[in-house]
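Please read the structure below before turning to the comments.
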Amino acid sequence: MIKLAAFPLLAPLMAPLYACRLGLSVTKGRLLMGAVVWLFASVVQASCYKIEGLSGYSAKGWSGYKFESDAISKSLYVVIDGEDSFVSDSEMVCRPFSDAAASLVCIYMDGAKSTVEAWNIDPQEGRVLYTKNIQGYGEYDGVVAFVGSAESCD
């Protein structure tokens, strides 16, 4: 049997089947399945990671967009918790883009200025891949690609 928690988009399609099995109307079955899916979705726990040693390459406007060695020396914290996700020392809006992976996308927009970050964390390997695209800031425009260490802080 298919587990609906793994396929939440199937719940509306499966509701009539479960409604018949439970002796409920189709509408009540859909409401029941929607509540079950919402319950499973809300049980997902937050994940916290301490990020250190980010280093790699960046290409910025001030260097003519030539790739150069670059790094972030301070520690950061990445918290993946649905709409409450965040990166320490950042006011960007962050959202996870996968329930199955420790991955986060953060965005900041102000008129023609924008910044987009992607955090991909592998908890088993203790590694983080970080990318950043910056546009609209003149000589600060560019891209960043770093690799660092990630340690759970849960």
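Below, each value reflects all heavy atoms present in this structure, side chains not excepted, and no hydrogens, waters or symmetry copies. Quantities reported herein were computed from a predicted structural model and do not represent experimental measurements.
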Any chance you could lay out the side-chain contact (heavy atoms from CB on, under 4.5 Å) test for V93 and Y108, step after step, and finish with the verdict? CA-CA 6 Å; V93 174; Y108 172 80; over 6 Å; no
List the steps, then state whether salt bridge (charged side-chain N to carboxylate O under 4.0 Å, His left out) holds for K50 with E52.
-> CA-CA 7 Å; K50 182 178 182 181; E52 294 183 303; 3.7 Å; yes
- Determine, stepwise, if the pair V128 / V147 fulfils side-chain contact (heavy atoms from CB on, under 4.5 Å). CA-CA 6 Å; V128 61; V147 177; over 6 Å; no
Apply side-chain contact (heavy atoms from CB on, under 4.5 Å) to the pair F67 and S58, showing each step before the final yes or no.
-> CA-CA 5 Å; F67 281 98; S58 66; 5.9 Å; no
| Hey, mind stepping through I51 and W119 against side-chain contact (heavy atoms from CB on, under 4.5 Å) and telling me if it holds? | CA-CA 10 Å; I51 307 298; W119 297 86; 4.0 Å; yes
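Not a single donor-acceptor pair under 3.5 Å links the side chain of N133 to the backbone N or O of V143. Not one N or O on the side chain of S63 forms a donor-acceptor pair closer than 3.5 Å with the backbone of A59. Of the possible donor and acceptor atoms, none in the side chain of R95 sits under 3.5 Å from a partner among the backbone N and O of G82. Side chain of D122 to backbone of E125: a donor-acceptor contact under 3.5 angstrom is found. In this structure, S88 contributes its side chain and Y77 its backbone to a donor-acceptor pair below 3.5 Å.
Ring geometry for Y140 versus W62: interplanar angle over 60°, hence perpendicular rather than tilted (30 to 60°).
Residues V79 and C48 approach most closely at CG2-SG, 4.2 Å, considering heavy atoms. For the residue pair K113 and G136, the shortest heavy atom distance occurs at CG-O, 3.4 Å. For the residue pair G138 and Y65, the shortest heavy atom distance occurs at O-OH, 4.3 Å. Here the closest non-hydrogen pair linking Y49 and A102 is OH-CB, 3.7 Å.
For the atom pair OG1 (T115) and NZ (K132), the distance works out to 6.0 Å, reported to the nearest 0.5 Å. In this structure, the separation between OH on Y137 and OG on S114 is 7.5 Å, given to the nearest 0.5 Å. Separating the CG atom in N120 from the OG1 atom in T131 is a distance of 7.0 Å, to the nearest 0.5 Å. One distance of note links CD1 of I121 with OG of S103; it measures 7.5 Å at 0.5 Å rounding. Distance CZ/F86 to SG/C94: 9.0 Å, rounded to 0.5 Å. Expressed to the nearest 0.5 Å, how far CG of D89 lies from CG of L76 amounts to 6.0 Å.
When the shell of 6.0 Å around CD of E139 is examined, it contains more than 12 heavy atoms from other residues, nucleotides or ligands. Enclosure of atom CD in E68 by more than 12 non-hydrogen atoms of other residues, nucleotides or ligands within 6.0 angstrom is indicated.
At a threshold of 4.5 Å between side-chain heavy atoms, the hydrophobic network of Ile, Leu, Val, Met, Phe, Trp and Tyr places I134 and V116 in two separate groups. Grouping the Ile, Leu, Val, Met, Phe, Trp and Tyr side chains by contacts below 4.5 angstrom, directly or via other members, places L54 apart from M92.
Within the 4.5 Å cutoff, the side chain of D70 has no heavy atoms near those of the Y57 side chain.
Side-chain atoms of E117 and Y130 form a donor-acceptor pair, as typed in the model, at a separation below 3.5 Å.
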